[in-house]
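Structure first, then comments.
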Amino acid sequence: MNTADERTITIALILTAMMLGWITGELAWCLFFGSLIWIGIHYAEFNKLREWSYRPLGRPRNALDQWFAVAYEPYRLLTRERERTRNIAMRLREVVGLTEVIPDAVIILSSAGNIENINSAAKAMLQITDKDVGLSLASIVRSPPLIQFIRADGGANPLEFTSPINPDKSFEARRFDVDTGRTVLLIRDISDLNRLLTMRQSFVANISHELRTPLTVVTGYLENLSDPSLPLELRLPLTEKLNAPVSRMQTLVEDLLLLTQLESSPIAGRQQPVNMHAVIAAAYDEVKNLQTSDDQISIRCESDKTILGNEKELHSVCANLLSNAIRYSPTGMPISLNWCNVEDRVRLEVVDQGGGIAKEHIGRLTERFYRIDMAGARSRGGTGLGLAIVKHALLRHASQLRIESEVGAGSRFYCDFQPLDEKNDSS
Ligand code: ADP
């Protein structure tokens with residue numbers, strides 16, 4: 001809107017009044033009426049300013065430049081402030097939008113502890129809804145440790161607490177106090193992390209335990225061997241006695257390395273068509289010395305199908321299942337290994353008539369170092385890693401270990417594979 005120069009209008013008004021006064025001879029009256037008009041114009045401008053002040057977000061409507069200048073400065077400041085607020089709101093919306101991609105719960109609290117913003121993870125983890133925004137967090141989340149943590153000053157150390165929704169879950173909360181008095185609360189689910197830490201601790205404890213026994217034996221023999229008073233003929237039998245604990249440690253380390261390697265990838269290393277007859281024969285050769293009678297193991301290879309896989313890993317599967325069947329069966333009890341077709345798959349099956357396994361243990365047998373009878377299993381020479389190796393080797397062959405067992409009646413360990421020819425047919 002264009003404004004008029006107030007000084008020009010005033011001068012024009014005075015000149016007009018003087019001219020009219022000179023023509024009419026009534027100069028005083030003309031100047032008087034001129035002043036009235038001048039006051040009227042300014043009164044109208046003042047009213048416009050007053051009206052504008054009720055709605056200061058619109059542009060001022062004053063026509064005279066001096067009045068316009070009076071209104072324009074606050075109008076400019078207001079507009080700038082409004083723009084700034086709009087930008088901040090936009091940024092805040094963007095930030096809140098970004099928190100949606102964070103898998104952890106993000107909660108923004110006001111200085112009074114009321115919820116200002118939450119992301120989807122927070123809604124899911126703490127069962128907060130959009131309706132709860134604006135309410136106090138303490139009135140919605142039933143977790144005294146968390147509420148105490150929010151109310152406490154500082155809070156540099158993260159808080160670990162149990163989920164108020166699911167007592168099996170553990171959460172970790174961190175708080176960040178912002179200048180404006182707000183608090184940003186980050187909560188993450190650390191249940192899996194805790195489980196992993198516990199597993200790692202028990203894994204290290206198990207390995208130490210497994211190694212300690214043979215190491216103690218070796219140390220004892222070595223002490224005797226280094227005794228200078230011991231006659232030479234007595235030392236030789238001692239060196240032979242070192243074989244058993246040393247080979248036990250060696251087997252344990254080899255099994256550990258193999259398991260680590262198998263766990264590192266879900267795909268079997270160096271796959272090729274495998275003739276399982278040869279693999280089974282080699283595994284039998286490896287374990288046959290453990291048999292408690294010469295014909296304890298009977299092998300039936302009814303299927304001629306080949307599978308795609310890694311010979312070494314499949315050998316490990318057969319050898320572990322066979323050696324377990326021997327070790328957990330009473331002397332001479334028959335054991336059978338079958339390689340047979342079952343529908344469109346080919347099955348490897350090891351069946352024994354040993355003591356069997358109670359139901360509650362079956363699901364945990366493939367855990368590292370899980371044994372039903374710890375002392376008994378150790379004395380039988382196992383490392384506690386056999387079935388874990390079998391499980392992971394099979395997973396790398398798109399197969400799964402299945403166990404059926406009954407206490408007192410024996411066990412059946414089996415797994416199915418996709419035969420190679422049918423794979424090619426279907427592709
Ligand atoms: P281990 O070296 O102790 O044999 P495994 O991982 O091979 O470790 O087996 C885990 C546990 O499963 C064994 O300690 C044993 O309690 C049980 N188990 C495995 N195979 C059999 C079986 N054929 N019959 C009965 N129990 C078995």
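We count ligands from 1, going down the list as the structure has it; atoms in each ligand are counted the same way.
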Q) Does the side chain of Asn194 pick up a donor-acceptor pair with the side chain of Ser191 at under 3.5 Å? A) no
**Q.** Working for side chain to side chain contact (heavy atoms under 4.5 Å, CB included), residues Asp104 and Asp189
**A.** CA-CA 7 Å; Asp104 302 337; Asp189 187 342; over 6 Å; no
Q: Dump the intermediate steps for side chain to side chain contact (heavy atoms under 4.5 Å, CB included) on Leu337 and Leu348, then the final yes or no.
A: CA-CA 7 Å; Leu337 184 151; Leu348 176 75; 3.9 Å; yes
Q. Below 4.0 Å from any atom of ligand 1, is there a heavy atom belonging to Phe369?
A. no
Q.
Would Ile357 count as a polar contact of ligand 1, with the cut-off being nitrogen or oxygen pairs under 3.5 Å?
A. no
**Q.** Side chains of Asn114 and Ser136, donor plus acceptor under 3.5 Å
**A.** no
Q | ligand 1 contacted by Gly355 (non-hydrogen, < 4.0 Å) | A | no
Q.
Quiz question: by atom type and distance under 3.5 Å, do the side chains of Glu100 and Ser120 form a donor-acceptor pair?
A. yes
Q: Using distance alone, decide if ligand 1 has a nitrogen or oxygen within less than 3.5 Å of any nitrogen or oxygen in Ile372.
A: yes
Q: Give a yes/no verdict on whether any heavy atom in Gly384 is under 4.0 Å from an atom of ligand 1.
A: yes
Q. With only distance considered, is Asp373 within less than 3.5 Å of ligand 1 through an N or O on each side?
A. no
Q: Identify, by atom number and element, the atoms of ligand 1 in contact range of Ser411, meaning under 4.0 Å from any of its heavy atoms.
A: 24 (N)
Q: Please work out whether any backbone atom (N, CA, C, O) or any side-chain heavy atom from C-beta onward of Phe413 is under 4.0 Å from ligand 1, and answer side chain, backbone, both or neither.
A: side chain
**Q.** Enumerated ligand 1 atoms positioned under 4.0 Å from heavy atoms of Thr383
**A.** 2 (O)
Q.
Give the atom numbers and elements of ligand 1 that come within less than 4.0 Å of a heavy atom of Tyr370.
A. 10 (C), 11 (C)
Q. Among Thr366, Asn324, Val350, whose heavy atom sits nearest atom 19 (C) of ligand 1?
A. Asn324
(Q) Using the side-chain hydrogen bond (donor to acceptor under 3.5 Å, both in side chains) definition, which of the options Glu349, Glu404, Arg402 pairs with Tyr414? (A) Glu404
Q) Charged N to carboxylate O below 4.0 Å: is that the case for Lys48 and Glu51? A) no
Q. Which is closest to atom 9 (O) of ligand 1 by heavy-atom distance: Leu387, Ile362, Ile403?
A. Leu387
Q) Any chance the side chains of Asn47 and Arg50 put a donor and an acceptor closer than 3.5 Å? A) yes
**Q.** Plane angle bin for Phe417 and Trp339 - parallel if under 30°, tilted between 30 and 60°, otherwise perpendicular
**A.** tilted
Q: Give the atoms of ligand 1, by number and element, whose distance to some non-hydrogen atom of Gly386 is under 4.0 Å.
A: 5 (P), 6 (O), 7 (O)
Q | Proximity of Arg327 to ligand 1 by residue part, where a heavy atom lies under 4.0 Å | A | side chain
